[in-house]
Engineer: 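Have a look at the structure that comes next, please.
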Protein chains: 2
Amino acid sequence: MRNLNPQPLAAVREAARSKTPLGRPRDESIDAEVVAAVLQLLRKRGYGAVTIASVARKVKTARTSLYRRWPSKRHLVAYAVVSEMGAKPAADTGELRADLEAAVQTLLRAFAGPLGQALPGLVADMAQDPELAAIIREEVLAARRKSMREAFERAEVRGEIRKGFETELLLDMLTGPFYYRALFGHAPITARMARDVVTYIGRIVARGVRRVPAHARVPGDVETYRRD
Amino acid sequence: MRNLNPQPLAAVREAARSKTPLGRPRDESIDAEVVAAVLQLLRKRGYGAVTIASVARKVKTARTSLYRRWPSKRHLVAYAVVSEMGAKPAADTGELRADLEAAVQTLLRAFAGPLGQALPGLVADMAQDPELAAIIREEVLAARRKSMREAFERAEVRGEIRKGFETELLLDMLTGPFYYRALFGHAPITARMARDVVTYIGRIVARGVRRVPAHARVPGDVETYRRD
DNA sequence: ACTTTACGCTACACCGTGTCGCGTATATAG
DNA sequence: CTATATACGCGACACGGTGTAGCGTAAAGT
């Protein structure tokens, strides 16, 4: 979670001395309630409805109490989203297609929930706060990408796919369409689409492809694209 | 441009009567200066620096004059971006790869300019204003998508690629990575990456691919992915 | 008791959006 | 030339959201 909730200076000392800090302890239940409130507001009324005041009202606490825990609204929302979208266990079925399908299903579900609602506002906040951007990338995106990257690596080791791909680009082509559609809304995000993306990615990396020798070509076997 | 600048009620009557309206005419030079000012602010200081006041100051006009022309800041920014990113001529080289490369080059350049700076804020505004979202989709995205879609269709007619693809998805896989990287910044947008995307898309659609008959397979010719 | 921290509250400063009304400038219609 | 209609520049304002400061009080440790 890193720097998202840097406020408890007392907690730092706590970790250092491994003792209970001093003074009145922080009400830990508030953290969870705030996260729940943010996610609910996000889902039901969108990013614009998430204000410090609206969250405080929902949790029945004071605005200033929230500012004691998070230095800004951005950090608050990021904390909530990261809490919800924490690292997921990476699927390892022994087959690339199934691994990727599992990963894509996770994306599908994520965009139906609060993350889908938060995405546009989150992206705008990230653009204005590089530190926040780094946190979101590392805590939300990196975990998902890592599991998919490893799926490709395992497939390569198994000899299931060919070698030498720009894996990062494959990841972007696999998941980029989801973000793209979620943010611009020009096309719906469907299970069918998720399936097709995986199929197409598979076509890129698949082995078992033989170049048809020139003498054996039939009309229509145009080979515009060089293959290696 | 459609509904982005709906203010000139007089202009409606003008069009209806095809006469000069009445009263003091609007200073047309302001429109162009405003667009230039918005784009410059966007490029140099980012979306956050674009406020009605900052634009008015740059153009040396009054805030209220801007509100007479555009109903909100969102409309103002959208108008500027659409003015800059108007429909581009579609490349038609007779070869899919070259057509796609041209389209992708356009994207590459666009993200280096004001659009790249505006994107996060624009996306957030779109999420809060469905009407604005529709305008941006139609005026900015649709034109680019159309030219790429037609490139695929021409290639299909020429027999350069196979048939039956989800073209919309191919478009998303082709351009989604650019938007994805521009918005999240997890990887740079480079000429190399642009080239590779086109290569990979080509691998998906290319003909000249023959399934290796089972009796002719050599070890390592794993065929996990069904092909049709 | 004393110290230290958290909590809830009120008040405030700041900034950006969007609206209103005024006096003035510039066009057309009669 | 007068009347009408619109645009312009200006000042003022309401509204809402962010973030800060200070107060009295509550809850822990020493």
Side-chain angles (χ1 to χ4, degrees), chain A residues 5-15 17-31 33-34 38 41 45-78 121 124-125 128-129 132, chain B residues 5-15 17-31 33-34 38 41 45-78 121 124-125 128-129 132:
Chain A
N5 194 344
Q7 299 291 52
L9 305 172
V12 175
R13 268 191 285 155
E14 171 187 6
R17 303 188 297 148
S18 81
K19 297 266 298 176
T20 50
L22 197 60
R24 176 174 175 173
R26 180 166 288 184
D27 183 348
E28 296 298 339
S29 71
I30 289 184
D31 276 66
E33 287 175 37
V34 165
V38 171
L41 281 169
R45 302 183 42 216
Y47 189 88
V50 179
T51 66
I52 298 288
S54 69
V55 174
R57 209 178 317 123
K58 219 174 178 61
V59 180
K60 293 200 221 313
T61 185
R63 277 188 331 125
T64 45
S65 294
L66 299 186
Y67 277 112
R68 279 194 200 94
R69 290 155 188 260
W70 295 276
S72 82
K73 175 190 167 181
R74 288 192 296 274
H75 291 76
L76 172 57
V77 175
D125 282 350
Q128 293 194 340
D129 184 341
L132 178 77
Chain B
N5 194 343
Q7 300 291 52
L9 304 171
V12 175
R13 268 189 286 155
E14 172 187 4
R17 304 188 296 150
S18 81
K19 296 269 296 177
T20 49
L22 198 59
R24 177 174 174 175
R26 180 165 290 184
D27 183 348
E28 296 299 339
S29 71
I30 289 185
D31 276 65
E33 289 175 35
V34 165
V38 170
L41 281 170
R45 302 184 40 216
Y47 189 90
V50 179
T51 66
I52 299 288
S54 69
V55 174
R57 207 177 319 123
K58 219 172 178 63
V59 180
K60 293 200 220 313
T61 183
R63 278 188 328 127
T64 44
S65 293
L66 300 185
Y67 278 111
R68 280 193 200 94
R69 290 154 189 261
W70 296 277
S72 80
K73 176 190 166 181
R74 287 192 295 275
H75 291 76
L76 171 57
V77 175
D125 282 349
Q128 294 194 340
D129 185 339
L132 178 78

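A note on names: the letters A, B, ... follow the listed sequences, proteins ahead of strands, and every chain is numbered from 1.
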Engineer: Rounded to the nearest Å, what distance is computed from the NZ atom of residue A:Lys73 to the P atom of nucleotide D:dG19?
Structural biologist: 9 Å
Engineer: Please give me the minimum heavy-atom distance between B:Leu132 and B:Ala78, naming the atom from each residue.
Structural biologist: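 Closest approach of B:Leu132 to B:Ala78: CD1-CB, 3.3 Å.
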Engineer: Of all heavy-atom pairs between B:Ile52 and B:Leu66, which one has the smallest distance, and what is that distance?
Structural biologist: O-CD1, 3.7 Å
Engineer: Between B:Arg69 and B:Asp27, what is the shortest heavy-atom contact and its length?
Structural biologist: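 Taking B:Arg69 first and B:Asp27 second, the nearest heavy atoms are NH2-O, 3.1 Å.
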Engineer: Using whole Å, report how far CG of B:Leu76 lies from C1' of C:dG18.
Structural biologist: 13 Å
Engineer: Taking the nucleotide of DNA chain C with the nearest heavy atom to each, does B:Val50 or A:Thr61 sit closer to the 5' end?
Structural biologist: A:Thr61
Engineer: With respect to the side chain of B:Ile30, which nucleotide from D:dA5, D:dC8, D:dC10 is positioned closest?
Structural biologist: D:dC8
Engineer: Determine, for A:Arg74 against A:Asp125, whether the closest basic-nitrogen to carboxylate-oxygen distance falls under 4.0 angstrom.
Structural biologist: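 No.
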Engineer: Once you round it to whole Å, what is the distance between P of C:dT17 and CG of B:Asp129?
Structural biologist: 15 Å
Engineer: Please list, pair by pair, any protein nitrogen or oxygen found under 3.5 Å from a nitrogen or oxygen in nucleotides 22-25 of chain C.
Structural biologist:
from	atom 1	to	atom 2	distance (Å)
C:dA25	N3	B:Arg24	NH1	3.3

Engineer: Rounded to whole Å, please give me the gap between CD in B:Glu33 and C1' in D:dC8.
Structural biologist: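 After rounding, the gap between these two atoms is 14 Å.
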Engineer: Within the distance-only criterion (no hydrogens, no angle test), does the side chain of B:Lys73 pair as donor or acceptor with the backbone N or O of B:Val50 below 3.5 angstrom?
Structural biologist: yes
Engineer: What is the separation between atom CG on A:Asp27 and atom P on D:dA28, rounded to the nearest whole Å?
Structural biologist: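 Whole-Å distance recorded here is 10 Å.
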Engineer: Check side-chain contact (heavy atoms from CB on, under 4.5 Å) between B:Ser65 and all other residues, then give those that pass, not counting sequence neighbours.
Structural biologist: B:Thr61, B:Ala62, B:Arg68
Engineer: Let me know the distance between CG of B:Leu66 and P of D:dC8, rounded to the nearest Å.
Structural biologist: 10 Å
Engineer: For A:Leu22 and C:dT3, give me the distance from atom CG to atom C1', rounded to whole Å.
Structural biologist: 7 Å
Engineer: Which heavy-atom pair separates B:Ala56 from B:Arg63 by the least distance, and what is that distance?
Structural biologist: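 In this case the closest contact between B:Ala56 and B:Arg63 is CB-N, 3.9 Å.
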Engineer: When the nearest nucleotide of DNA chain D is assigned to B:Gly23 and to B:Arg63 on a heavy-atom basis, which residue is associated with the more 5' position?
Structural biologist: B:Gly23
Engineer: Just the rounded figure in Å: distance from C1' of D:dA28 to CD of A:Glu28.
Structural biologist: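 My rounded result for the distance is 14 Å.
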Engineer: Tell me whether the side-chain N or O atoms of A:Thr64 pair up with the base of C:dC7 as donor and acceptor below 3.5 Å, since no angle test is needed here.
Structural biologist: no
